[in-house]
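Remember, it's 1-based here, ligands and their atoms both numbered in the order they're listed. Heads up: numbering here begins at 1 and tracks the sequence.
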Amino acid sequence: MINGKKVLYSGMQATGSLTLGNYLGALKNWVTLNEEYECFFGVMDLHSITIRQQPAHFRKCARNLFALYIAAGLDPVKNCIYYQSHVSAHAELGWILNCFTYMGELNRMTQFKDKAAKHSDNINAGLYTYPVLMAADILLYQADYVPVGKDQQQHLEITRDIAERFNSIYGDVFTIPEGYYGKSGANIRSLQNPSKKMSKSDENPNGSIYLMDAADEVVRKCKRAVTDSGNEVLYSEDKPGVSNLLEIYSACTGKSIEEAEKEFEGKGYGEFKLAVAETVNAVLVPMQKEFERLLQDKGYLDGIIKDNDEKARYFANKTLRKVRKKVGFTDILH
Ligand code: TRP
């Protein structure tokens, strides 16, 4: 508990360009959580170097993600938005927790297997212990809730296992986090292959709408989106392409799927796709303007970064001090 509120923790990796799927599925739903929870959202740059990064590009990506959090509506005063690498307690607790995690557990992580297959020239130990660092992120802030997608559920499970193991040895040190499944975000699929989720690492750039895509690019991608046989705009299992577009339309407008279906009754796929593109642009264009404005305002952004770093450090160090004591490290004398 912080200020009488339960704590919620999440974050995104600081690499690649965010997609409409990241926004509608996660970011958009984070915006109002601070009313009920004390929220921390990290720019997960320590995790990013498990894959080789080009330094200048990486630096820019991390700052862009930070600005995008704010442009998407996260209030940087009511939420703690910060860079993971600015709070050294993450790396320190990550090391300690490595010593409380079994290789047998890590061997079961499906994301490690996937990433190792994809980056077979660089299967480093960091990629292997990625979930332990993620456990450190969550446990440092004594988080009660973690909104995560399906692909991260296994990592949340191991976080709970590590925390329970640590607590059973040393007493109640960590809050055991749960997944947050409140108002669940939209599940947006690739425009080119709706059996896959829309992803920032998709090799086919036509499958994803990026948050920084220009308006005419969005129109082009929506027009090219795969649709299904037939010509009715209906949500159904045998119409994955159309259903995905309906999902996007509904999430961008706030209208229900049923309302959207009614609206397009008797209208063809062509007209529908253009309407989808228009509603996507109505969301993206103002966000992009705000993003650009923030990046120009270096003083403001730097001030926010400094304040939030301090806030994050305060809470993280509180937990780290407790952990150090429990483990039996000698005091640091000043
Ligand atoms: N692994 C997460 C992802 O790729 C990002 C992440 C790192 C995270 N640490 C976290 C998410 C802690 C939630 C909580 O999506």
Side-chain angles (χ1 to χ4, degrees), residues 6-19 21-30 33 37-51 53 58 61-62 65-66 68-69 74 79-87 89-94 97-98 101 106 109-116 118-119 126-163 174-182 184-185 187-188 197-202 208 312 315-316 319:
K6 290 203 167 182
V7 177
L8 184 138
Y9 189 97
S10 199
M12 291 183 184
Q13 277 213 48
T15 34
S17 308
L18 291 197
T19 69
N22 298 123
Y23 175 70
L24 297 177
L27 203 42
K28 177 173 186 258
N29 308 288
W30 293 354
L33 292 174
Y37 306 102
E38 191 71 29
C39 295
F40 293 84
F41 297 108
V43 171
M44 299 307 187
D45 50 357
L46 294 177
H47 278 105
S48 299
I49 63 165
T50 54
I51 310 286
Q53 302 294 335
F58 176 37
C61 272
L65 180 59
F66 190 94
L68 202 52
Y69 276 174
L74 282 179
N79 299 279
C80 183
I81 308 173
Y82 73 101
Y83 293 96
Q84 183 190 29
S85 71
H86 291 194
V87 181
H90 287 256
E92 291 185 58
L93 184 62
L97 296 182
N98 266 324
T101 308
L106 293 175
M109 296 293 120
T110 56
Q111 191 169 70
F112 170 70
K113 291 181 205 169
D114 293 347
K115 286 193 181 172
K118 216 165 145 190
H119 303 277
L127 194 63
Y128 186 61
T129 60
Y130 180 113
V132 185
L133 180 60
M134 186 160 156
D137 303 335
I138 297 166
L139 299 177
L140 270 179
Y141 300 89
Q142 306 289 354
D144 297 277
Y145 294 111
V146 184
V148 284
K150 265 210 178 72
D151 59 328
Q152 297 298 318
Q153 269 169 14
Q154 203 182 23
H155 293 164
L156 183 59
E157 274 311 307
I158 198 175
T159 299
R160 291 166 55 91
D161 292 343
I162 296 168
F174 297 126
T175 302
I176 308 297
E178 282 173 40
Y180 175 82
Y181 306 105
S184 71
N187 177 8
I188 305 301
K197 81 167 199 186
M198 184 180 283
S199 155
K200 50 182 176 174
S201 51
D202 197 334
S208 303
F315 290 105
T319 301

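Between Tyr82 and His90, the angle of the ring planes lies from 30° to 60°, which puts this pair in the tilted group. Note: His47 and Tyr130 have tilted aromatic rings, judged against thresholds of 30 and 60 degrees for the angle between ring planes. Using a 30° and 60° split on the angle between ring planes, Tyr141 and Tyr9 fall in the parallel class, below 30°.
In this structure, Gln84 CD and Phe40 CZ are separated by 14.0 Å, a value rounded to the nearest 0.5 Å. Once rounded to the nearest 0.5 Å, the distance linking OG1 of Thr159 with CD of Gln152 reads 9.5 Å.
Here Gln84 has no heavy atoms under 4.0 Å from ligand 1, in either its backbone or its side chain. Looking at Ile138 against ligand 1, only its side chain comes within 4.0 Å, counting heavy atoms.
The single protein non-hydrogen atom nearest to atom 11 (C) of ligand 1 is Gly11 O, 3.5 Å, given as residue, atom name and distance. Nearest non-hydrogen protein atom to atom 6 (C) of ligand 1 is Met44 CG, 3.8 Å.
Each of the atoms 7 (C), 9 (N), 10 (C), 12 (C) of ligand 1 lies under 4.0 Å from some heavy atom of Asp137. Heavy-atom proximity to Tyr130, at under 4.0 Å, picks out these atoms of ligand 1: 1 (N), 2 (C), 3 (C), 4 (O). Under a 4.0 Å criterion applied to the non-hydrogen atoms of Ser10, ligand 1 contributes the atoms 13 (C). Every atom of ligand 1 is numbered from 1 in the order shown, and the set under 4.0 Å from a heavy atom of His47 is 7 (C), 9 (N).
Residue Tyr9 has no N or O atom closer than 3.5 Å to an N or O atom of ligand 1. Looking at ligand 1, you won't find any N or O of His155 less than 3.5 Å from one of its N or O atoms.
Side-chain contact check for Thr110 and Gln154: at least one donor-acceptor pair (N or O, by modelled atom type) lies under 3.5 Å.
Applying the salt bridge (charged side-chain N to carboxylate O under 4.0 Å, His left out) definition to pairs two or more places apart or across chains, those involving residues 38-50 are Glu38-Lys311.
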